[in-house]
Amino acid sequence: MTTDPWPRPVRSMIVPSPVEPWLAPALEARWSEGRAARTAGLQEREAVLTMNVGFALTTIGAKSEALVEIETGLAKAQAIGSVGAVRHGQMNLLGWASTFGADARIAQALAEPREQADEAAAGAYVIQDRATLGMLFYRGLELLRGDSSSLTRARGLLERVAQAYRSTGNLDILPVSLGFWSEAERRLGDAEQARALAEEAAALLDQGAPSLLNEAPVYLALHDACVDTGNLNAARSAIERGIPLLLRRLRGLADTPYAHAFLTGLDHNAGLIAAADSYGLVPDDVEKVLGRRS
């Protein structure tokens, strides 16, 4: 009989919502909600909202601030003994590590979720709730950041998660999960499969599909797959399609201190801009934030 190694989710968990295109007001709203929860004595809600602020800061490249918020919320969740909130925090912490790289400071806190995700990569059964899938997704991204020995496991997790997101209706994460699955396939030598997956993901975004996460990985994956298959016109087109979505998120950071970190502190944004640079497609708004134009 197969056992379920994952604790069941708490019904009150709050799923982070997209913070673009008005990023600054959305962040302020999240901070305000957290303060209101603290004032009302709603400790679990306060913990989750604090971690959600950390998630939002992660998506815009605010590395240090994001980690502080996630660790603060996770400590609160552990103090009140909320299993569901702790899992939520572990997912966000793993998301931070998959974005910015491994950090010895949080290695112990991530030992259990990493181990469970690695068991899933080896074929273990998991429930398909959002927190569990999120941990598998972020572990897949961590492995994708690693050396070539980790690629097969990364692909297995990312394929499994993308298919699960599709079947469970988590469509706001589907395009980006397809994009990262595409990257894994390309790095393992299957450029045609990589292009098909990335084109599916880009088509969803082009048609207005919502995305909880930054869209740059999708268009960069499509660009690289097109380069590997020798279709340079399609590669350029992929960057042209991705730049407007990057700009939309960037403009949501107007009058905040985060715009530069968003462009330079997130690998796929930096990669998209580097590709755009090679085609002469970098917009003025991006040039100004990078200090290359007044």
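Below, all heavy atoms of this structure are taken into account, side chains as well, without hydrogens, waters or symmetry copies.
Looking at Glu215 and Arg248, a side-chain N of the basic residue comes within less than 4.0 Å of a carboxylate O on the acidic one, giving a salt bridge. Taking the charged nitrogens against the carboxylate oxygens, Arg130 and Asp172 do have a contact shorter than 4.0 Å, which makes a salt bridge. No salt bridge links Lys76 with Glu71; every basic N to acidic carboxylate O contact stays at or beyond 4.0 Å. Comment: Arg153 does not engage Glu142 in a salt bridge, judged by the lack of any side-chain N to carboxylate O separation of less than 4.0 angstrom.
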side-chain contact (heavy atoms from CB on, under 4.5 Å) between Leu281 and Arg236, worked out: CA-CA 9 Å; Leu281 295 174; Arg236 178 189 174 99; 3.5 Å; yes
Full working for salt bridge (charged side-chain N to carboxylate O under 4.0 Å, His left out) between Glu200 and Arg166: CA-CA 12 Å; Glu200 178 187 355; Arg166 192 195 306 279; 2.8 Å; yes
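Note that CG of Leu74 and CD1 of Ile70 are 9.0 Å apart. Values are rounded to the nearest 0.5 Å. Note that CZ of Arg87 and OG of Ser82 are 10.5 Å apart. Values are rounded to the nearest 0.5 Å. Remark: Leu110 CG to Arg139 CZ distance equals 9.0 Å, nearest 0.5 Å. For the atom pair OG1 of Thr152 and CG of Leu188, the computed distance is 5.0 Å after rounding to the nearest 0.5 Å. Leu93 contributes atom CG, which lies 6.5 Å from atom CG of Leu67 (distance to the nearest 0.5 angstrom). Note that CG of Leu245 is 12.5 Å distant from CG of Leu250, once rounded to the nearest 0.5 Å.
Residues satisfying the side-chain contact (heavy atoms from CB on, under 4.5 Å) criterion with Ala274, sequence neighbours excluded, are absent altogether. Shown here are the side chain to side chain donor-acceptor pair (under 3.5 Å) partners of Ser150, two or more places apart in sequence or in another chain: there are none. Scanning for side-chain contact (heavy atoms from CB on, under 4.5 Å) contacts around Leu171 gives Leu174, with sequence neighbours left out. When the side chain to side chain donor-acceptor pair (under 3.5 Å) test is applied to Glu159, no partner is found at least two apart in sequence or on another chain. Partners of Glu287 under the side chain to side chain donor-acceptor pair (under 3.5 Å) rule, at least two apart in sequence or in another chain, are Arg292. Among residues two or more places apart in sequence or in another chain, the side chain to side chain donor-acceptor pair (under 3.5 Å) test is passed with Thr264 by His260.
Under the 3.5 Å distance criterion, the side-chain polar atoms of Arg155 are left unmatched by any main-chain donor or acceptor of Leu144. Under the 3.5 Å distance criterion, the side-chain polar atoms of Ser182 are left unmatched by any main-chain donor or acceptor of Leu178.
Under the salt bridge (Lys or Arg N to Asp or Glu O under 4.0 Å) criterion, the residue pairs touching residues 259-274 are Arg145-Asp267, with sequence neighbours excluded. Within the structure, ring pair (Phe, Tyr, Trp, His ring centres under 6.0 Å) contacts touching residues 127-171 (residues at least two apart or in different chains) do not occur. Judged as a ring pair (Phe, Tyr, Trp, His ring centres under 6.0 Å), the pairs with a partner in residues 172-212 (not counting sequence neighbours) are, in order, Phe180-His268. Applying the ring pair (Phe, Tyr, Trp, His ring centres under 6.0 Å) rule to pairs touching residues 192-212 yields nothing, sequence neighbours excluded. For residues 100-120, every residue pair satisfying the ring pair (Phe, Tyr, Trp, His ring centres under 6.0 Å) rule, not counting sequence neighbours, is listed here: Trp96-Phe100.
Ser149 and Asp147 form a side-chain donor-acceptor contact under 3.5 Å, judged by distance and modelled atom types alone. Looking only at atom types and distance, the side chain of Tyr219 has a donor-acceptor partner in the side chain of Asp206 under 3.5 Å away.
Taking every heavy atom of both residues into account, Ala238 and His223 meet most closely at CB-N, 3.7 Å.
When hydrophobic clusters are built by joining Ile, Leu, Val, Met, Phe, Trp and Tyr residues whose side-chain heavy atoms come closer than 4.5 Å, directly or via intermediates, Val48 is not grouped with Ile80.
Through side-chain heavy atoms spaced under 4.5 Å, either directly or across other Ile, Leu, Val, Met, Phe, Trp or Tyr residues, Val227 is tied to Leu232.
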